Amino acid sequence: MKTDNELYKIYELLQKVKVNDDNVNEIKKVNVLIEEKEYKEALEILTGLTERKKEKKKNDEEDSSQNEEKIENIDINDNLEKNKNENNTEINKNKGPLNNQNEEETEEGFIYPKQLKNDELERIYIGMLLNDPKLISKFYILHSESYFENSELLEIYKGILFTEGEKYAPAIAKKDFNFGKITLEINDLKELLKNETQKKVFNCEKIYLELKKLLILRKSYLGTPIKTIQSKIVDIVNYKLYDKMSEEEVKGAINQVTVTDKFKQSVLNEDLTNFLLKGDNNLTNGLELPFPILTSVFKGIRRGETMAFAMPSNSGKSRFTINLASYLAFVHKKKVLIISNEMSEEKMKLCLITTILNNSAFQNLHGQFIKKSEGELLQFNFRPDDEKNVEVDENGFVLKKEGETQKQFAKRLSECSTEFNKTILVTDWVKKQINNSIYFSNITDHTNDELKKSIMNYYYKEDIHYVFYDTLKTDTENIGNAEEIKKTTTILSNLAQNFELFIGATLQLTESSTLPINLTINDLAVSRTVKEVLDTLCLIKQINRENYGDYEYSLNEVDTKFFDIEKFKDPDVRYYACVVDKNRAGAKPKVLFRINLAYNHWEELGYLKLKHVE
């Protein structure tokens, strides 16, 4: 019992004494005395060291009370163990099987999964050093790498650094380590390890390399809180050529799995039968557009792809964007983000109301069948149910009274105009669609990095997978350099692929003399190389009214029945040729649209062609 008490006191004092140049020889002597079981003399030396330390502290305080320092002797390795335990606690909060099916759940009381545990390897390494301390000169473990699973083996290793192998261990090996703990159990374990390895022959370099690789993996495992990456780090030990990997190659493998975790990886020839039979994948489950022909040729709007529509200035790029975004949001019930450097929030809201009021796809949802132009909405023009009871203008719209506030006028309209009430019912209906909202971000001056961050912010915050960018231009750092737009498009394409987003964008067409049906990539106002990055590209241009007679369209791409383009008196009714210039999904037809921008109504009529001239 007396011996146990002396050992306990020695252990306590060793934790309070930090090894330095002044006491290193005395600490060495203490270790020798412990080895010789001369505990009383060892205790006396340590007691003297602690008394000397107290005296020094007292003198320092008297010399300079202004600069008082409290000297704390904290064993760095205790901190290391503490951090490991904290990591273990954090890991155990979400305890469960790792993502790899071949990996087992981390065992109770351990901070590493089974694949990163190798007690025998640690014991052999420590036994080798105990039997031949000279090996520490070459085969040492740095403090930053000392992720031993067995804490007693770590204490023995620290003891070797400052006792048995003290004169052989280089300074870098000792850096940040303190003297190891000494207990009866640790001394017994030292003797056991010596005996286990004394008469055996080991390949020292191989043992050292395998342990170093394991310690590196453990360090990375604990330092990475993301379970998917932890799983991939653990799986490195299962690499077919892991035994041949060097320490640096293991570090490289860790970096590779960390950096490329965001990339999709698979074995292509796995599970092909289920892939074919299931038929539910991004190639087949695209969302339909409000245009049957384009839906057919593009296989719908598909996440993971980029789609661009190019039009000349003032042709309705932003209105076309609103039309598509509204269809995704309210028909398909998807959250949508519109990023615009063209139209303001107010203009976008007005266009949205116009779109939802006048298109049958939305009328069938909100139940209000009404026709109101954007101009009428902007001017707050509504017709009364009975003109006899209210004063109206020459167009039949209720007049606002002199001195009447907007609030008072709206209240009066609600009492006399069904048209007004239907409009409010629609806007109230839109407000309730909170689970499939259209989010808007107006960014006039931005860099590519800011554009990327804006998209990713909405992706993470709102779980948005459908994005429209109106209009795709070079960032502020490269204004005037048309070729730079390819970089912006590449960034968008990478985001679409890596995060399974659909990103639609509008582009600018030049004001050229090219016939709408003959548009090519050369008519783009920006770099032609942008086409290389996009999955689909449509070139859209208005057909001049005087040229209507040169065109005809059919309901099928190969058909015998053709229709002439009908002329309307309404100047807002236009016809657009849409040339599918790129389509990774297949066909590239030329399609005819009838447009009424006053109501933001876009109707796909059929396949467009020039009339055959005899």
Side-chain angles (χ1 to χ4, degrees), residues 264 275-311 317 319-339 355-356 359-362 364-365 433 435-439 455 459 463-470 472 489 492-507 531 533-540 555-557 576 578-593 600-608:
K264 298 176 184 178
F275 169 80
L276 183 63
L277 294 177
K278 188 177 179 182
D280 183 20
N281 54 69
N282 285 338
L283 301 180
T284 59
N285 63 5
L287 302 178
E288 67 172 355
L289 297 116
F291 315 119
I293 295 175
L294 293 187
T295 296
S296 175
V297 298
F298 294 148
K299 305 298 185 289
I301 288 178
R302 303 190 291 188
R303 283 165 52 176
E305 293 189 350
T306 50
M307 179 182 291
F309 298 89
M311 305 182 198
K317 293 188 293 296
R319 286 174 170 78
F320 186 72
T321 298
I322 281 286
N323 192 289
L324 290 179
S326 301
Y327 198 81
L328 283 175
F330 305 121
V331 175
H332 291 299
K333 309 297 182 184
K334 302 296 182 182
K335 289 183 178 181
V336 180
L337 169 64
I338 297 176
I339 297 176
T355 303
I356 296 171
N359 285 268
S360 59
F362 309 118
N364 292 330
L365 296 174
Q433 310 305 303
N435 293 324
N436 45 297
S437 300
I438 299 177
Y439 295 81
I455 293 173
Y459 168 76
D463 191 25
I464 292 177
H465 289 85
Y466 297 89
V467 180
F468 289 91
Y469 180 32
D470 176 47
L472 182 55
T489 310
L492 296 178
S493 178
N494 289 339
L495 287 177
Q497 294 178 52
N498 294 336
F499 296 94
E500 290 193 350
L501 308 177
F502 165 81
I503 299 182
T506 58
L507 287 166
K531 177 180 176 179
V533 185
L534 295 166
D535 293 290
T536 58
L537 172 63
C538 292
L539 308 176
I540 303 173
L555 302 181
N556 300 295
E557 190 168 14
Y576 284 6
C578 173
V579 177
V580 179
D581 189 73
K582 183 175 182 181
N583 179 23
R584 294 189 193 275
K588 295 188 287 185
K590 298 177 180 180
V591 183
L592 178 65
F593 281 89
N600 201 28
H601 184 265
W602 298 69
E603 181 184 3
E604 183 188 74
L605 295 180
Y607 295 88
L608 181 67

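Since this is a predicted model, take the numbers as computed values, not measurements. Values reported hereafter were calculated over all heavy atoms of this structure, with side chains retained and with hydrogens, waters and symmetry mates removed.
Side-chain contact annotation: N583 with T536, donor-acceptor N/O pair under 3.5 Å absent. With no hydrogens or angles considered, no side-chain donor-acceptor pair links N323 and T355 at under 3.5 Å.
Using modelled atom types, one side-chain atom of E604 and one backbone atom of L294 make a donor-acceptor pair closer than 3.5 Å. Using a distance-only test at 3.5 Å, with no hydrogens or angles considered, a donor-acceptor pair links the side chain of K582 to the main chain of K531. When atom types are taken as modelled, the side chain of R303 and the backbone of F499 share no donor-acceptor pair closer than 3.5 angstrom. The backbone N or O of R319 sits less than 3.5 Å from a side-chain atom of N600, completing a donor-acceptor pair.
Taking the six-membered ring for Trp and thresholds of 30 and 60 degrees, F291 and F320 have nearly parallel ring planes, at less than 30 degrees apart.
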Exercise. Given the rule in the side-chain contact (heavy atoms from CB on, under 4.5 Å) test, do Y466 and L287 qualify, once you have shown the distances and angles that lead to the verdict?
Worked result: CA-CA 11 Å; Y466 297 89; L287 302 178; 3.3 Å; yes

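For the atom pair CE (M307) and CZ (F468), the distance works out to 8.5 Å, reported to the nearest 0.5 Å. Atom OG1 of residue T489 and atom CG of residue N494 lie 11.0 Å apart, to the nearest 0.5 angstrom. Here the CD1-CG distance, from I464 to L337, works out to 5.0 Å after rounding to the nearest 0.5 Å.
Contact of the V580 side chain with the F298 side chain is registered, since non-hydrogen atoms from C-beta on lie closer than 4.5 Å.
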